[in-house]
Amino acid sequence: MFHNAKRLWKKPTKLKSSYDAVIIGGGLHGLATAYYLAKEQGLSDVAIIEKRFIGFGGAGRNTAIVRANQRTPYNVPLYKEALDLWPVLTRELDFNLMFNNCGNLSLMHSEADMTAARMAVATAQFHGVASHLVDAKQAKELEPALNISEDITFPIHGGMYHPPGGIMRHDAVVWGLAKGCAKQGVHIHQHTEASAIHTEGGKITGVTTSRGRINTKRVLVSAGGYSAGLIYHMLGIRLPISVLTIQAMVTQPLKPILNHVVFSAAYHCYANQTLKGEIATGAHMDPWPNYTTQNTAHYIKHQAESLSEWLPCLRGVKFMRIWGGLADMTPDMAPIMDGNDPIDGFYMDCGWGYFGFKSCSVVGKYMAQYMATGNCPDMIKPFNLRRYENHQLMGETAALVSYTPDN
């Protein structure tokens, strides 16, 4: 059955001594950037360096939700373009990315929540993103399984309905992008560890790996939860990033119950039904920095209690699998996309927290343009590192978030 199977991408025979660009991190952002470097910027002499295997980190440890109903005028256009790119990429890569456009329903549990939702809906609509405010009865019509009674911990006052959102198959996106990269001539070097980034005269000169040195003038670090540590240890640049564990799980397969991806900030819980019938559910991050992907009994208990309240039809359903990933969180819950500062030829794409999957398509496009031309595209200019010292933080959170062991 498998003897005629063909590789989606060719395994490079050896590491070249030089490349036009080196990308450290074989996740979705690294793959997408390499793909667009080759396809749109004519820079196909690119190496992706991955310590383990592509899709090992956050790319393979998420619940694959995509949406564009963020809070700020900087984020909404970025995520809207990302949503618009999925069908385009499906055609270009000739690979089914399994986009399920089921829509997103964010629940509101107080009048204050409803006021904030009105602002978010207005921002989305101003930027041409479909988003609607609904009351509790309308939320129930959209999602009949919801419990809108008053006898739960956080009664549902209404919600924010976002029809363009949905879910993707994260593994399919990894494989599709890898296939596209290889077709464009990009070299994907798995099981290859980057151990040093070299500079001379304030410029990038090369990268040392476990398989030898590479000479290059451009380096992008896009390694998810490991990015901040790599950048500090290799270049001494300290980033305002804390790395936290985020957990998720799935239930046994069920008949169709949920029509949409459903969020509840009050319960710190979200859920959607996968194409296999499982209920995929996740929550907020563990509240203290760490680099572990271990799971906790506390989390399982939290998910069971939360889901049982606002989705009572799930009471008694068994969890099948649980997993953990790393979320690299910034104080304003917005990413850092920057380059050529303070080192010419060095670029970073990190601090995505739990938003990285949603954005990978469009960020790859703009980071590729940035690396090829040296000029930062307008779309990602607000996300530079110096916004922290210039007090120009994003408004994705009402206040700065400090992730410390004291939490």
Side-chain angles (χ1 to χ4, degrees), residues 1-11 26-40 48 50 53-68 79-104 130 162-186 188 190 224 248 250-251 253-261 270-282 320-321 323 325 355-365 368:
M1 175 177 174
F2 296 105
H3 68 281
N4 290 324
K6 296 182 179 179
R7 291 180 61 94
L8 288 175
W9 63 91
K10 293 181 180 179
K11 183 178 180 181
L28 291 164
H29 283 240
L31 289 166
T33 302
Y35 172 72
Y36 282 109
L37 272 172
K39 181 180 180 296
E40 293 192 353
I48 296 175
E50 169 54 48
F53 51 86
I54 60 168
F56 170 83
R61 297 169 182 267
N62 62 75
T63 45
I65 298 168
V66 291
R67 57 187 177 93
Y79 287 92
K80 179 184 185 300
E81 190 171 346
L83 272 181
D84 294 340
L85 273 174
W86 291 123
V88 176
L89 274 174
T90 299
R91 292 192 300 270
E92 284 185 3
L93 299 172
D94 190 25
F95 200 83
N96 184 7
L97 303 181
M98 302 175 72
F99 178 35
N100 179 11
N101 178 211
C102 58
N104 301 66
H162 175 51
I167 53 176
M168 304 277 294
R169 179 64 186 176
H170 52 81
D171 292 328
V173 181
V174 171
W175 300 330
L177 285 172
K179 174 188 174 185
C181 284
K183 187 177 180 180
Q184 298 291 336
V186 173
I188 301 173
Q190 302 182 96
V250 294
T251 70
L254 305 170
K255 292 181 179 180
I257 296 174
L258 296 182
N259 301 325
H260 312 285
V261 181
Y270 59 86
N272 66 267
Q273 192 157 20
T274 71
L275 297 176
K276 294 189 291 184
E278 302 162 347
I279 304 297
T281 177
M320 284 200 314
R321 300 188 305 279
W323 65 92
F355 298 122
F357 180 78
K358 304 167 180 60
S359 59
C360 65
S361 56
V362 69
V363 171
K365 173 184 172 182

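Positions are given from 1, in the same order as the sequence printed here. Not measured: the values here are computed from a predicted model.
Contact detail for Leu28 and Cys360: the closest heavy-atom pair is CB-CB, 3.7 Å. Scanning both residues, Gly165 and Asn101, for their nearest heavy atoms gives O-ND2, 3.0 Å. Of all heavy-atom pairs between Pro164 and Ala130, the closest is CD-O, 3.5 Å. Scanning both residues, Leu85 and Lys365, for their nearest heavy atoms gives CD1-CD, 4.5 Å. Among all heavy-atom pairs drawn from Thr274 and Ala280, the shortest one is CG2-CB, 4.0 Å. Residues Met98 and Leu275 come closest through the heavy atom pair CE-CD1, 3.8 Å.
Atom CG of Leu83 sits about 10.5 Å away from atom NZ of Lys358, to the nearest 0.5 Å. With values rounded to the nearest 0.5 angstrom, His260 atom NE2 is found 9.5 Å from Leu258 atom CG. Interatomic distance, CZ of Arg169 versus CG of Asn96, reported as 11.5 Å (0.5 Å rounding). Separation of atoms NE2 (His29) and CG (Leu177) is listed at 10.5 Å; rounding is to 0.5 Å. Atom-to-atom distance recorded for Ile48:CD1 and Leu31:CG is 4.5 Å, nearest 0.5 angstrom. We find the CD-OG distance between Glu81 and Ser359 to be 12.0 Å, quoted to the nearest 0.5 Å.
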Could you give the side-chain donor-acceptor pairs of residues 87-95 under 3.5 Å, partners two or more places apart or in another chain?
unit_1: Thr90; atom_1: OG1; unit_2: Trp86; atom_2: O; d: 3.0
unit_1: Glu92; atom_1: OE1; unit_2: Tyr35; atom_2: OH; d: 2.7

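Counting only distance, with no hydrogens or angles, the side chain of Asn104 and the backbone of Gly166 share a donor-acceptor pair below 3.5 Å. With hydrogens and angles disregarded, a donor-acceptor distance shorter than 3.5 Å links the side chain of Glu50 to the backbone of Gly26. The closest donor-acceptor contact from the side chain of Thr251 to the backbone of Ile279 lies under 3.5 Å. Of the possible polar contacts, none joining the Gln273 side chain to the Pro253 backbone as a donor-acceptor pair under 3.5 Å is found. Using a distance-only test at 3.5 Å, with no hydrogens or angles considered, no donor-acceptor pair links the side chain of His170 to the main chain of Arg61.
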Q. How far apart are the C-alpha atoms of Glu278 and Arg321, what are their side-chain angles, what is the distance that settles it, and do they pass the side-chain contact (heavy atoms from CB on, under 4.5 Å) test?
A. CA-CA 10 Å; Glu278 302 162 347; Arg321 300 188 305 279; 3.3 Å; yes
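Proximity of Val66 to Phe357: side-chain heavy atoms (C-beta onward) are separated by under 4.5 Å at one or more points. Thr63 is not listed as a side-chain neighbour of Thr281, based on a closest heavy-atom distance of 4.5 Å or more. When side chains are defined from C-beta on, Asn272 does not count as touching Cys102, because their heavy atoms never get closer than 4.5 Å.
Around the NZ atom of Lys179, the shell of radius 6.0 Å holds more than 12 heavy atoms that belong to other residues, nucleotides or ligands.
Figure legend: cation-pi geometry between Arg67 and Phe355 absent, as NZ or CZ is not positioned both under 6.0 Å from the six-membered ring centre and within 45° of its axis.
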